[in-house]
Structures are given as structure tokens and as C-alpha cells.
Amino acid sequence: MQASGPNSGYESRDKIEAEAAFLLARLNSGPSPQDEADICRWVESDPRHAVAFARAEAAWEAAERLKSAAAEVNLPPLEAIVSEEQQRRLSRNIMIAAAVAVMLFIVAAIVTVRTFSGVDHYETGIGQISDIALDDGSTLHLNSDSAAEVRFTDHGRKVRILKGEASFDVAHDRSRPFDVEARSAVIRAVGTAFNVRLRPSMVELTVTQGIVTVHSGNKLAQQISAGSGAVIQPRSVSLTHLDSRLIGQRTAWREQMVELDGETIEQATTEFNRYRAAPILIGDTRVSSLRIGGRFRITDSKEFLSALQLSLPIRVVAGQDGSVMLLYQDEPEPIENATGA
């Protein structure tokens, strides 16, 4: 068995998936302990290999859901639905394809058990920030309303960000790379610190210490060093240089702060709403484009709302459900008559 690693040259996605399928089939045919070790080493040797296994896992989970749904509605077997004559008309190739699909689902199940066991799940609620000490000495920091899965083996360390934002202080261990999966991207580090935020249409990466490499889709890996960041999309990785002010702004949540530097009110309220169960709403389009700066505590948005009323033509109206409405104030009112929240 030949297992290729990240230094073996560019591997196409088809080649990786073909080799993954071969190795998965090998797992299902009574492998020796040495075979299992070689297969595990191949999986851990390249982030793209791990992504291929993640896709297999997702396919298996989908199959399990379909199987459960079929059982719930008591679907009849195929021969009860298709007539004998129709069954004879099925081509040999279609039957072979169906058999291969079933085999792949079975193999995916084996991979799920053997390579995705021992997964630790971490999650934070709205307004909660958590610092989690991992078994290798690294630290996972989870922002509000975020979730991640962690799986460590003898050959690698893997974290999958399911939602929200996470920051990492990675313990140095060259023999076990630290891989973070964020949608289509895999971010690899050995001993470094970086921040990853899942935004609606992209993944935002900020490197604060050391160097990481980023794989996304079939693109070649790109190195990103401290003081830089990246906007990661399924088909592109765009590198950006970040000054210390912007890095501080992106990581202020680690100190339970929101840092604003001329953001629009729409952008500012979006940030604060990440930490509020009841949102801050904009009730007048004239408010959206106004701008504000300052450093505010995540745990107390009253300071932010007071600053809005003091520095901008904005009136704050509190709702009975805890939400807050921002209205444009044409004529200033005395501050003591404005409704706070």
C-alpha cells in the first residue's frame, strides 16, 4: 500500500478520493494492525485527506437519516414496488452502481467508528464565552453562540467549527499537526495562535502568532503568518495584511469587549446582537448609516446605547420582550427623558 503525504506533489481531488475509497475498502477486509496504522497515517498526513473522510462521514449520516425515515413510514421493499418485468429491464451497470453505493455507505460507517470516535463536543449559549483547556495543552476559546468538535489521535489533532467563532492557542507538537476545519477550508498549525470566524458568506481568519497553512477546495495550500489574515471562500483564499488595530478589534471578544472604530450603526448592532437574546433593532433607515467608535463591554449593552444617544441623533426605545428599537431623533430630547435599556 502506498500512502502519499502533503510533500508528494499536487494531488487532484479525484486522486485523493480514489485513494481514500481504496483505503476505506481495505479497512473493511480484515486489515492487520500495521495496515490500520498505515491507513490512519495517510488520513492524518494531509488536510485534504481528512476532508475526504469528512465527506464520507456526511454521506453516511445522510444515508442513516434516509434509512430511519424509510423505517418510520414502513416503505415496502423494491420488489414490491417495481414489477418483475421492470426489474428485468434494469441494466447490469445500474445494478452494479447500486451495489457500489451500498458498499461505500457501509465503508463510511466503518470509518465513522474507527476514525471519528472519541469526539468531544463544546458549545456556548448566547452571551457566553468559554475557555477550554484541551488534552494536548492547547486552548480553545469559544465566542458567544458557537460550537466545535475536537478529536485527538496519536497522529493528529482535529477541530471542526460547527458555528460561530473560535480562537486557538496551539501547543507545539510537530509530530501531530493541529487542523481546524471551517466549512470548505482546513487550517493547519503546529504551534501558533489564530482566530476563525464563520460569517454568512465566508470564513474570516486572523493569525496572531506563528504561521498557518490554509487549504480550501482543490487550491494549493497557502501560508499565512502572524499579522495577516484571509477571507476564505469555497473557491478562493484572499490574503490580507492586518494592522495591530484591526487585529485587536477582531480579538477584543477574548476580553469580553466589542471594539468599534467608525463602524456603521448597522454593523455595530450586528456585533452586539451576537451577545443578546433579545436583539437591538433599527427602526429607521436613517440610523443605519450613522457611525460610532468606542470600546464597550459585551455583558452590558447599556453603555453602548447611552453612547448612541449622547453622540448621535438616536432615540432608544425599549420593548417589553427585552428588545431595543433605535429611532432617528429629529429634535434632540433631554437625555433624562429618553428611554434606556
Side-chain angles (χ1 to χ4, degrees), residues 123-130 141-148 161-167 182-183 185 194-206 208 229-234 238 240 242-329 338-341:
E123 187 166 4
T124 55
I126 296 175
Q128 178 187 6
I129 295 175
S130 183
H141 310 273
L142 277 184
N143 202 350
S144 169
D145 194 25
S146 300
I161 303 177
L162 304 177
K163 65 174 180 175
E165 183 172 19
S167 186
R183 293 183 182 144
F194 57 98
N195 192 86
V196 181
R197 179 174 177 179
L198 302 186
R199 291 185 176 272
S201 59
M202 66 179 183
V203 175
E204 180 185 270
L205 169 67
T206 305
T208 57
V231 172
I232 306 170
Q233 296 176 309
S238 302
T240 56
L242 308 174
D243 57 33
S244 57
R245 177 198 60 80
L246 187 52
I247 291 176
Q249 187 179 32
R250 289 186 177 186
T251 58
W253 66 269
R254 293 272 303 273
E255 303 172 27
Q256 298 198 11
M257 303 293 289
V258 170
E259 192 169 298
L260 304 173
D261 186 16
E263 276 75 17
T264 64
I265 300 303
E266 183 174 6
Q267 292 170 327
T269 55
T270 296
E271 283 300 305
F272 271 99
N273 283 340
R274 299 174 70 194
Y275 309 97
R276 290 176 56 97
I280 301 173
L281 306 171
I282 297 177
D284 191 317
T285 56
R286 293 175 293 178
V287 170
S288 300
S289 59
L290 298 176
R291 296 181 179 273
I292 190 170
R295 188 175 169 87
F296 307 95
R297 294 188 182 279
I298 285 171
T299 54
D300 186 3
S301 55
K302 290 181 180 179
E303 184 182 9
F304 169 66
L305 296 172
S306 295
L308 292 182
Q309 294 182 100
L310 286 169
S311 58
L312 296 168
I314 291 177
R315 182 162 58 94
V316 176
V317 178
Q320 293 183 351
D321 60 353
S323 64
V324 173
M325 183 74 72
L326 304 183
L327 300 175
Y328 192 87
Q329 184 170 286
T339 303

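Heads up: numbering here begins at 1 and tracks the sequence. Bear in mind that the values here come from a model prediction, so they are computed numbers and not experimental data.
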Inter-residue atom distance [X].[atom1] - [Y].[atom2], 0.5 Å rounding:
X    : Y    : atom1 : atom2 : result
Y328 : R315 : OH    : CZ    : 13.0 Å
Y275 : Q256 : OH    : CD    : 9.0 Å
L326 : L281 : CG    : CG    : 8.0 Å
R274 : N143 : CZ    : CG    : 4.5 Å
L308 : I265 : CG    : CD1   : 5.0 Å
M325 : I280 : CE    : CD1   : 12.0 Å

Minimum heavy-atom distance [X]-[Y], with the two atoms named:
X    : Y    : result
L142 : A166 : CD2-CB, 3.9 Å
W253 : H141 : CH2-O, 3.5 Å
E259 : A252 : CB-CB, 4.1 Å
S167 : N195 : CB-OD1, 3.4 Å
A147 : E123 : CB-CG, 3.9 Å
I282 : S288 : CG2-OG, 3.6 Å

Once salt bridge (charged side-chain N to carboxylate O under 4.0 Å, His left out) is applied, do any residues pair with R254, and if so which ones, sequence neighbours excluded?
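Result, salt bridge (charged side-chain N to carboxylate O under 4.0 Å, His left out) vs R254: D169.
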
Pair D284 + R286, salt bridge at N-O below 4.0 Å:
yes

Flag the pair K163 and D145 as a salt bridge only when some basic side-chain nitrogen lies within less than 4.0 angstrom of an acidic carboxylate oxygen.
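Yes.
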
Measure the shortest side-chain to side-chain distance between L290 and I292 over non-hydrogen atoms and say whether it is less than 4.5 angstrom.
no

Between T208 and I247, is there a side-chain heavy-atom distance shorter than 4.5 Å?
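When only atoms from C-beta onward are counted, T208 and I247 do touch, with a gap below 4.5 Å.
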
Only counting residues at least two apart or in another chain, list the ones meeting side chain to side chain contact (heavy atoms under 4.5 Å, CB included) with A278.
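Side chain to side chain contact (heavy atoms under 4.5 Å, CB included) check on A278 returns S323.
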
Considering residues at least two apart in sequence or located in another chain, which fulfil the side chain to side chain contact (heavy atoms under 4.5 Å, CB included) criterion with S306?
none

Does [X] use its side chain to pair, donor to acceptor, with the backbone of [Y] at less than 3.5 Å?
X    : Y    : answer
R183 : I232 : no
T124 : I129 : no
S144 : G127 : yes

R250 and R197: side-chain contact (heavy atoms from CB on, under 4.5 Å), yes or no, with the steps?
CA-CA 9 Å; R250 289 186 177 186; R197 179 174 177 179; over 6 Å; no

Would you please classify the geometry between the F304 ring and the F272 ring as parallel, tilted or perpendicular, with 30° and 60° separating the classes?
parallel

No-hydrogen, no-angle side-chain donor-acceptor test under 3.5 Å, E263 and Q249:
yes

